[in-house]
Enquirer: 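Before I ask anything, here is the structure I am working with.
Here the structure is a predicted model, which is why all the values come from computation and not from measurement.
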Amino acid sequence: MAKKKKQFAVIGLGRFGGSVCKELYQRGHEVLAIDKDEDKVSEYVSYATHAMQVDTTDENAMKQIGIGNFEHVVVAIGDNIQASILTTLVLKEMNVPTVWVKAQNNYHHKVLEKIGADLVVHPESDMGRRIAHNMASEKVIDFIDLSDEYSIVELRATEKVNKKTLVDLNVRAKYGVTILAMKRGEEMNISPMPDDSIHQGDMLVVMGHKLDINRFEDEGL
């Protein structure tokens, strides 16, 4: 059975919104691209199912284009924080189930959460942190923040742990972190067993408190 297409609306066609729009469309989903700038709308006609010039802070205009029928809306309005907040408010008052919003700063983030945004993202700072992590440590491959305090991090095993088992490392007792998975080449080992051995160059998927992960990275690997 064919996978059901999802319907998305992307509001704001700058670098972030534009890349989200293109990626969703290329993945075969139906995408409504919206921007107040007519030139931006014209640019994305080929990268969306429909592209429209709309003032998204105007509730009547939003009703006319049927935005309330969409289950997923991404608000990626650039530097106009007021427009971002008002647009999010309109969407939530129209009972759009899932609204993801790009935030400019922490104050913007707090307001968006209070008015009901389902997920608030900081693409620039998130990418900045990612790059900083990767530059600062040769062991860090990637990471996902679960909260302010907890993360899942992909770490590269060094010669120090080559051919040691998980029992040998005893990471949960020593560092308070959990190894969720190990990857060697294309082979992924989900929920590795205590006697599974680690080889230099393996990718370890580690979950825990950020301070504990840092300690494991510095002392254990």
Enquirer: Distance check, rounded to the nearest 0.5 Å: Q64 atom CD versus M62 atom CE?
Expert: 11.5 Å
Enquirer: Hey, could you give me the CG/CD1 distance between L91 and I11, rounded to the nearest 0.5 Å?
Expert: 5.0 Å
Enquirer: Can you tell me if Y47 has over 12 outside heavy atoms packed within less than 6.0 Å of its OH?
Expert: no
Enquirer: Assess the residue pair F8 and E71 against the criterion (side chain to side chain contact (heavy atoms under 4.5 Å, CB included)); give the C-alpha distance rounded to whole Å, side-chain angles, the decisive distance to 0.1 Å, and a yes or no.
Expert: CA-CA 7 Å; F8 295 89; E71 291 188 2; over 6 Å; no
Enquirer: Might you point out which heavy atoms bring A61 and V54 nearest each other, and give the distance in Å?
Expert: CB-CG1, 4.1 Å
Enquirer: Taking all heavy atoms of I85 and all of I115, pick out the closest pair and write down the distance.
Expert: O-CD1, 3.5 Å
Enquirer: Hey, quick one: are I65 and V74 part of the same hydrophobic cluster, counting side-chain heavy atoms closer than 4.5 Å, chains of contacts allowed?
Expert: no
Enquirer: Is N170 reaching over with its side chain to a backbone N or O of V167, donor-acceptor style, under 3.5 angstrom?
Expert: no
Enquirer: Restricting to non-hydrogen atoms, name the atom on Y150 and the atom on H209 that form the minimum distance, rounded to 0.1 Å.
Expert: CD2-N, 3.4 Å
Enquirer: Give the cluster check for L112 versus V121: same hydrophobic cluster or not, with ILVMFWY residues linked at side-chain heavy-atom distances below 4.5 Å.
Expert: no
Enquirer: Are more than 12 heavy atoms, taken from residues, nucleotides or ligands other than H199, located less than 6.0 Å from that residue's NE2 atom?
Expert: yes
Enquirer: In the single-linkage hydrophobic clustering (I, L, V, M, F, W, Y; side-chain heavy atoms under 4.5 Å), do W100 and I67 co-cluster?
Expert: no
Enquirer: Quick check: do T57 and V90 have side-chain heavy atoms less than 4.5 Å from each other?
Expert: no
Enquirer: What are the two closest non-hydrogen atoms of N80 and I77, and how far apart are they?
Expert: O-CG2, 3.7 Å
Enquirer: Quick one: which residue pairs count as a side chain to side chain donor-acceptor pair (under 3.5 Å) with a foot in residues 82-92, not counting sequence neighbours?
Expert: T56-T87, S84-H108, K92-D118
Enquirer: Working to the nearest 0.5 Å, report the span between NZ of K183 and CD of E186.
Expert: 5.0 Å
Enquirer: So, do F216 and L221 sit near enough that their side-chain heavy atoms are less than 4.5 Å apart?
Expert: yes
Enquirer: How many angstroms lie between atom NZ of K174 and atom CD of E219, to the nearest 0.5 angstrom?
Expert: 10.0 Å
Enquirer: Indicate yes or no for a side-chain donor-acceptor contact from R184 to the backbone of I198 under 3.5 Å, with no hydrogens or angles considered.
Expert: no
Enquirer: Taking the side chain as C-beta and beyond, is there a heavy-atom pair between L32 and V10 under 4.5 Å?
Expert: no
Enquirer: Quick check on N105: does its CG atom have over 12 non-hydrogen neighbours (other residues, nucleotides or ligands) under 6.0 Å away?
Expert: yes
Enquirer: Do H109 and H122 have side-chain heavy atoms sitting under 4.5 Å apart?
Expert: yes
Enquirer: Can you confirm whether the side chains of D39 and S42 place a donor and an acceptor under 3.5 Å from each other?
Expert: no
Enquirer: Would you call E59 and K63 a salt bridge, taking side-chain N to carboxylate O under 4.0 Å as the test?
Expert: yes
Enquirer: Would you name the heavy atoms of A181 and P192 that are closest together and state the gap between them?
Expert: CA-CD, 3.9 Å
Enquirer: Donor-acceptor pair, distance only, cut-off 3.5 Å: does the side chain of S197 make one with the backbone of T165?
Expert: no
Enquirer: Working to the nearest 0.5 angstrom, can you tell me the gap between E187 CD and D202 CG?
Expert: 9.5 Å
Enquirer: In terms of heavy-atom contacts, does NZ of K114 have more than 12 from other residues, nucleotides or ligands at under 6.0 Å?
Expert: no
Enquirer: Keeping D35 on the side-chain end and K40 on the backbone end, is there a donor-acceptor pair under 3.5 Å?
Expert: no
Enquirer: L166, Y175: one ILVMFWY side-chain cluster at the under-4.5 Å cut-off?
Expert: yes
Enquirer: Is there side-chain contact between L180 and V206, with at least one heavy-atom pair below 4.5 Å?
Expert: no
Enquirer: Any luck finding a side-chain donor-acceptor pair between Q200 and E159 under 3.5 Å?
Expert: no
Enquirer: Nearest 0.5 angstrom please: E43 CD to C21 SG, how far?
Expert: 10.0 Å
Enquirer: Is the closest basic N to carboxylate O distance between K36 and D55 below 4.0 Å?
Expert: no
Enquirer: Going hydrophobic residue to hydrophobic residue with side-chain gaps under 4.5 angstrom, can you get from V120 over to L86?
Expert: no
